[in-house]
Protein chains: 2
Amino acid sequence: MNHTIRIVLIEDDDILRMGYESLLTDIEDFTVVNSYASYDLARKHLDADQPDVILLDIQMPGTNGLQALPFIKKTLPNAHIIILTVFDSPELVFEALTMGAGGYLTKNSSAAKIIDAVREVSTGGGAMSTNVARIVMHSFQKNLNSPLTKRETEILDRIANGQTKPQIANDLFIDQETVRSHVKNIYIKLDVNSKAEAIKTAKEKRFI
Amino acid sequence: MNHTIRIVLIEDDDILRMGYESLLTDIEDFTVVNSYASYDLARKHLDADQPDVILLDIQMPGTNGLQALPFIKKTLPNAHIIILTVFDSPELVFEALTMGAGGYLTKNSSAAKIIDAVREVSTGGGAMSTNVARIVMHSFQKNLNSPLTKRETEILDRIANGQTKPQIANDLFIDQETVRSHVKNIYIKLDVNSKAEAIKTAKEKRFI
DNA sequence: TAAAATATCCCCCAAAAAGGGGGATGGCTT
DNA sequence: AAGCCATCCCCCTTTTTGGGGGATATTTTA
């Protein structure tokens with residue numbers, strides 16, 4: 001199959017945009033159908049462009065990349081979007097990920113990585129620069145030195161999922177009073193005295 | 001700096017293990033200090049091996065990779081661990097991520113990807129095969145067609161974090177009764193009638 | 001512009017849950 | 001033998017919840 005990957009660039013920096021365009025155009029099965037300096041400029045053309053992959057800058061004049069993402073997904077549900085950014089703060093990364101980008105590259109990514117990423121997302125894969133991967137993996141990592149026992153962790157986890165003590169007791173086939181005892185111990189260990197505080201503390205310290 | 005990256009392989013498949021060893025040994029700044037068919041065999045040697053990077057298979061006889069991970073991290077806190085697996089189920093991926101691996105590769109990864117991954121994790125970066133990246137990114141992606149309004153989502157999110165209505169009211173500078181109204185509407189929209197159900201449903205449908 | 005959705009607030013009520021205190025018991029590990 | 005762990009029991013008050021019935025002003029959308 002000699003299917004050409006149709007690419008649209010949305011990047012406000014002229015130099016970078018031309019750089020990407022030149023880089024990607026040189027790839028045999030890539031076609032850069034259009035490139036724009038902002039989403040506001042791109043918007044009315046996207047439908048006609050019918051891109052398979054959109055390289056989308058976050059910081060842009062007017063509608064920024066993250067704001068544009070939902071609109072793009074509505075207009076072109078089948079397009080794969082790769083976020084480009086110089087920032088790599090956890091907050092921005094997670095916000096971008098929740099918006100449903102197929103890839104997230106920091107701008108220091110090498111040419112080879114960018115080309116790989118385009119190919120990956122166009123086939124439904126995921127692409128992440130190593131900075132982003134590190135941030136994401138760190139967010140998953142649990143604290144291995146939790147003061148909580150297995151049972152306590154199990155129970156606090158259920159509390160964090162909104163279960164009441166009676167429900168938890170029922171699910172775990174133990175008495176409500178047992179759950180209560182565990183909760184008491186959890187509160188002592190975390191030095192808190194309410195559900196909300198326990199959840200907050202436990203999440204901050206990655207006990208759950 | 002001509003620092004050699006010391007690598008240990010723990011992989012029960014003889015062919016694969018030798019394949020990796022041959023592949024990695026050929027890299028100038030890589031040294032495969034040892035390779036083992038199981039964690040149980042590797043355990044007593046790891047301290048002497050002092051690896052920078054450990055390639056760790058998940059499915060193994062005896063202690064499997066995920067079970068071994070906490071022990072390895074305790075023995076060698078500074079070693080970077082790359083999980084190798086043929087499976088790529090979300091459950092396994094997330095479990096491995098919570099254990100604190102620095103990389104997660106599926107076994108269909110190309111030689112180049114493996115070499116890249118070793119280099120990445122040895123410098124504290126993250127490495128993820130595209131399959132894994134896809135799974136992880138999908139887990140973050142929120143449902144863009146949530147029936148909940150911004151305010152309702154905000155409130156449900158706080159409920160999911162264990163906050164009570166009075167606390168939420170206080171934080172948002174609104175009346176408890178207002179919070180109550182929103183909660184009522186949330187329950188109607190989600191067709192539930194308790195906190196726990198609302199959280200469960202909203203998480204399943206990725207509204208929060 | 002008119003209708004719908006949204007965000008805000010008010011009252012009634014009973015049932016449920018939470019949290020603080022005080023225990024006990026058997027099992028397992030160190 | 002001492003500690004931790006998981007299990008269960010009782011006292012008690014306060015807080016929270018959820019179901020019902022509204023109102024009103026702003027904002028969005030059709």
Side-chain angles (χ1 to χ4, degrees), chain A residues 43 63 67 70-71 74-75 142-203 207-208, chain B residues 63 67 70-71 74 142-203 207-208:
Chain A
R43 190 174 43 202
T63 314
Q67 294 164 336
F71 294 110
K74 187 168 287 182
T75 312
K142 288 202 179 153
N143 189 331
L144 296 173
N145 297 316
S146 171
L148 304 181
T149 67
K150 271 222 166 66
R151 202 52 155 177
E152 286 162 355
T153 305
E154 162 83 16
I155 286 173
L156 186 51
D157 199 71
R158 285 169 181 273
I159 289 175
N161 279 305
Q163 288 196 278
T164 63
K165 293 186 188 73
Q167 288 173 331
I168 294 170
N170 188 62
D171 281 11
L172 299 182
F173 304 106
I174 56 179
D175 196 278
Q176 299 189 19
E177 283 301 324
T178 304
V179 178
R180 231 169 92 66
S181 285
H182 285 304
V183 172
K184 284 177 187 176
N185 289 326
I186 291 169
Y187 286 6
I188 291 170
K189 286 182 179 178
L190 301 187
D191 190 29
V192 298
N193 51 12
S194 76
K195 249 196 306 188
E197 288 177 279
I199 294 171
K200 187 165 173 285
T201 301
K203 283 191 175 174
F207 296 155
I208 56 170
Chain B
T63 314
Q67 294 164 336
F71 295 109
K74 186 166 288 182
K142 287 201 180 156
N143 189 331
L144 297 174
N145 297 315
S146 171
L148 303 180
T149 67
K150 272 221 168 66
R151 200 53 153 177
E152 287 163 354
T153 305
E154 162 82 16
I155 286 173
L156 185 52
D157 198 71
R158 286 169 181 273
I159 289 175
N161 279 306
Q163 288 196 278
T164 63
K165 294 186 187 71
Q167 288 172 332
I168 295 170
N170 188 63
D171 281 12
L172 300 182
F173 305 107
I174 55 179
D175 196 276
Q176 301 190 17
E177 283 302 324
T178 304
V179 178
R180 233 170 92 65
S181 286
H182 286 304
V183 172
K184 284 178 187 175
N185 289 326
I186 291 169
Y187 286 7
I188 291 171
K189 286 181 179 180
L190 300 187
D191 190 28
V192 299
N193 50 13
S194 76
K195 249 198 302 191
E197 287 177 280
I199 294 171
K200 189 165 171 284
T201 301
K203 283 192 175 175
F207 296 154
I208 56 171

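Because only heavy atoms are used, hydrogens play no part in the values below, and waters and symmetry mates are left out as well, while side chains stay in. All figures in this text were calculated on a predicted structure; none of them were measured in a lab.
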Quiz item: Starting at the 5' end of DNA chain C, which residue's closest nucleotide do you reach first, B:Asp175 or B:Leu148?
Solution: B:Leu148

Self-check item: 5′-ward residue of the pair A:Lys165/B:Ile174 relative to DNA chain C
Solution: B:Ile174

Rounded to whole angstrom units, what separation is found between the [atom1] atom of [X] and the [atom2] atom of [N]?
X: B:Gln163; N: C:dA18; atom1: CD; atom2: P; value: 16 Å
X: B:Ile168; N: D:dT15; atom1: CD1; atom2: C1'; value: 14 Å
X: A:Gln176; N: C:dA18; atom1: CD; atom2: P; value: 9 Å
X: B:Asn185; N: C:dT6; atom1: CG; atom2: P; value: 9 Å
X: A:Ile199; N: C:dG19; atom1: CD1; atom2: P; value: 10 Å
X: B:Lys150; N: C:dA5; atom1: NZ; atom2: P; value: 18 Å
X: B:Asn170; N: C:dC9; atom1: CG; atom2: P; value: 12 Å
X: B:His182; N: C:dA5; atom1: NE2; atom2: C1'; value: 12 Å

Self-check item: B:Thr201 vs B:Lys189 side-chain heavy atoms within contact, under 4.5 Å
Solution: no

Quiz item: Is any side-chain heavy atom of B:Asn185 less than 4.5 Å from a side-chain heavy atom of B:Arg151?
Solution: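 Not in contact.
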
Quiz item: In terms of side-chain heavy atoms of B:Glu152, which of D:dG18, C:dA7, D:dT17 is nearest?
Solution: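 From the listed options, C:dA7 comes nearest.
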
Quiz prompt | Side chain of A:Thr149 (C-beta onward), nearest among D:dT17, D:dA6, C:dG20 | solution = D:dA6

Quiz item: Measuring from B:Asp191:CG to B:Ile186:CD1, what's the distance to the nearest 0.5 Å?
Solution: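 The CD1 atom of B:Ile186 is 14.0 Å from CG of B:Asp191, to the nearest 0.5 Å.
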
Practice problem: Working to the nearest 0.5 Å, report the span between CG of A:Asn170 and OG1 of A:Thr164. | Solution: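 The distance works out to 9.5 Å.
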
Quiz item: Taking A:Leu156 as the fixed residue, which of A:Leu190, A:Val183, A:Ile168 is the one that meets the side chain to side chain contact (heavy atoms under 4.5 Å, CB included) rule?
Solution: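 Only match with A:Leu156 under side chain to side chain contact (heavy atoms under 4.5 Å, CB included): A:Leu190.
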
Quiz item: Do you know which of B:Lys200, B:Lys203, B:Lys195 makes side-chain hydrogen bond (donor to acceptor under 3.5 Å, both in side chains) with A:Asn161?
Solution: B:Lys203

Would you say [N] has OP1 or OP2 under 4.0 Å from some side-chain N or O of [X]?
X: A:Arg151; N: D:dT7; result: yes
X: A:Lys195; N: C:dA18; result: yes
X: A:Thr178; N: D:dA6; result: no

Atom pairs under 3.5 Å, N or O on each side, protein against nucleotides 22-25 of chain C: can you list them with distances?
unit_1	atom_1	unit_2	atom_2	d
C:dG22	O6	A:Lys184	NZ	3.2

Practice problem: Walk me through it: do B:Val179 and B:Arg158 pass the test side chain to side chain contact (heavy atoms under 4.5 Å, CB included)? | Solution: CA-CA 11 Å; B:Val179 178; B:Arg158 286 169 181 273; over 6 Å; no

